[in-house]
Amino acid sequence: MPELPEVETVRRGLAPAMEDARFAKVEVRCRALRWPLPGDFARRLEGRAVTGLGRRGKYLLVGLSSGDVLIMHLGMSGSFYVFHKTGCHSDGRVPANYYHERQRRTAHDHVIFHMSSGAVVIFNDPRRFGTMKVVAGNDLEAEPLIAALGPEPLDDAFDAAALARVCRGRKTSLKAALLDQRVVAGLGNIYVCEALYRARLSPKRMAATIAGKTGEPDERAERLVGGIRAVLKEAIAAGGSSLRNHKRTDGELGMFQHRFRVYDREGERCPTAGCRSTVKRIVQNGRSTFYCPACQK
DNA sequence: ACTACTCCCTGCCAGC
DNA sequence: TGCTGGCAGGGAGTAG
């Protein structure tokens, strides 16, 4: 579950379990994530309190009382599940919903945080494209994973002028530009398709064409920023999207997948009122793009 | 300095 | 039924 709305949903789900709690024990069952977890990974967490739980783009940032920051990325298939030990029955039996969830997930449970709050936070990631890394807090700005990220799309600083500036001179499609985390942080394949649909802009349009010669924004840049912000806000409010039955930290499903207008809707009628066209699927830079060729120019 | 392509890994599904 | 190829929400590394 990996684009900005899903990561934000995860952040909110982890907060009650992790904020102000200490890492009592960190269990590393599989070090072979995107990059191997270093030998001192657990040691740098154990005994530390969580001072804050933030997000930058698709990265989760866990502030630690040591001054370090735990950086986590869900990759393509990563998810977290939170089990509250305090939810056990008085005789120690675990609730049925936890039991069933654990049965399903245990195959790819790679890292388990046992928190002093009694919460157990499980990181599960079948494809192991996910990332965990502990860095010194004062180096966070220098951390290459974070430093290269473009603006947060929901911050005020992200506006048509900012987007036009970075798109100026780009010899690539809008689709590819918006997937580039240096242009804007947090969009992935779904929300780029959805934002372009809302902005009525073709994914094939050259990125440079939303900016004037000096990089000033045009009306298209305004529409695109509006589309990006609107779709992200709606998706966060819906608890993100759940594809292929991926669950949130509480085991519930996000709901936004039901509100996709073009993503994974190849062949369906374009949802624009009065449009008689159908949603098309094309491949750009090796990834599927869904759009309406009639509405999106 | 750009852009595009390959690769990392597992699971699932349509089609044969 | 079982195999195969293609595809999946990401992005680092590399070749051009």
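Letters go in sequence order (proteins before strands), and every chain restarts at 1.
Checking A:Arg182 against A:Phe129, the closest nucleotide of DNA chain B that is more toward the 5' end is the one next to A:Arg182. Comparing A:Leu179 and A:Arg127 along DNA chain C, the residue whose closest nucleotide (by nearest heavy atom) sits nearer the 5' end is A:Arg127.
Within the 4.0 angstrom heavy-atom criterion, no nucleotide atom of any strand lies near A:Gly286.
Atom pair A:Asp180:CG and B:dC2:P shows a separation of 10 Å (rounding to whole Å applied). Atom pair A:Lys133:NZ and C:dG10:P shows a separation of 20 Å (rounding to whole Å applied). Rounded to an integer number of Å, the gap from A:Arg34 CZ to B:dT6 C1' is 12 Å.
Rounded to a whole angstrom, the distance from the C1' atom of B:dT3 to that of C:dG9 is 23 Å.
At a threshold of 4.0 Å, the pair A:Arg259-A:Glu194 does not count as salt-bridged, since none of the basic side-chain nitrogens sits closer than that to a carboxylate oxygen. The existence of a salt bridge linking A:Glu143 and A:Arg56 is excluded, since no basic side-chain nitrogen approaches an acidic carboxylate oxygen closer than 4.0 Å. Looking at A:Arg29 and A:Glu27, a side-chain N of the basic residue comes within less than 4.0 Å of a carboxylate O on the acidic one, giving a salt bridge.
Applying the 4.0 Å criterion to OP1 and OP2 of C:dG10, one finds that A:Gln181 has every side-chain N and O outside that range. In this structure, A:Thr172 reaches the B:dA4 phosphate: one of its side-chain N or O atoms is under 4.0 Å from OP1 or OP2. The shortest distance between the side-chain N/O atoms of A:Ser288 and the OP1/OP2 oxygens of C:dA8 is below 4.0 Å. When the side-chain nitrogen and oxygen atoms of A:Tyr191 are compared with OP1 and OP2 of C:dG9, none of them lie within a distance under 4.0 Å. The phosphate of B:dT10 has OP1 or OP2 within less than 4.0 Å of a side-chain N or O from A:Arg128. Taking side-chain N and O atoms only, A:Lys58 has no distance below 4.0 Å to OP1 or OP2 of C:dG9. A sub-4.0 Å separation between OP1 or OP2 of B:dT10 and a side-chain N or O of A:His108 is absent.
Looking only at side-chain heavy atoms (C-beta outward), A:Leu174 and A:Leu224 come within less than 4.5 Å of each other.
Around CG of A:Asp218, the count of heavy atoms belonging to other residues, nucleotides or ligands within 6.0 Å exceeds 12.
Proximity note for A:Asn189 (side chain, C-beta onward) versus C:dA8, C:dG10, C:dA12: the nearest is C:dG10.
Within 3.5 Å, no donor on the side chain of A:Arg287 pairs with an acceptor on the base of C:dA8, nor the reverse.
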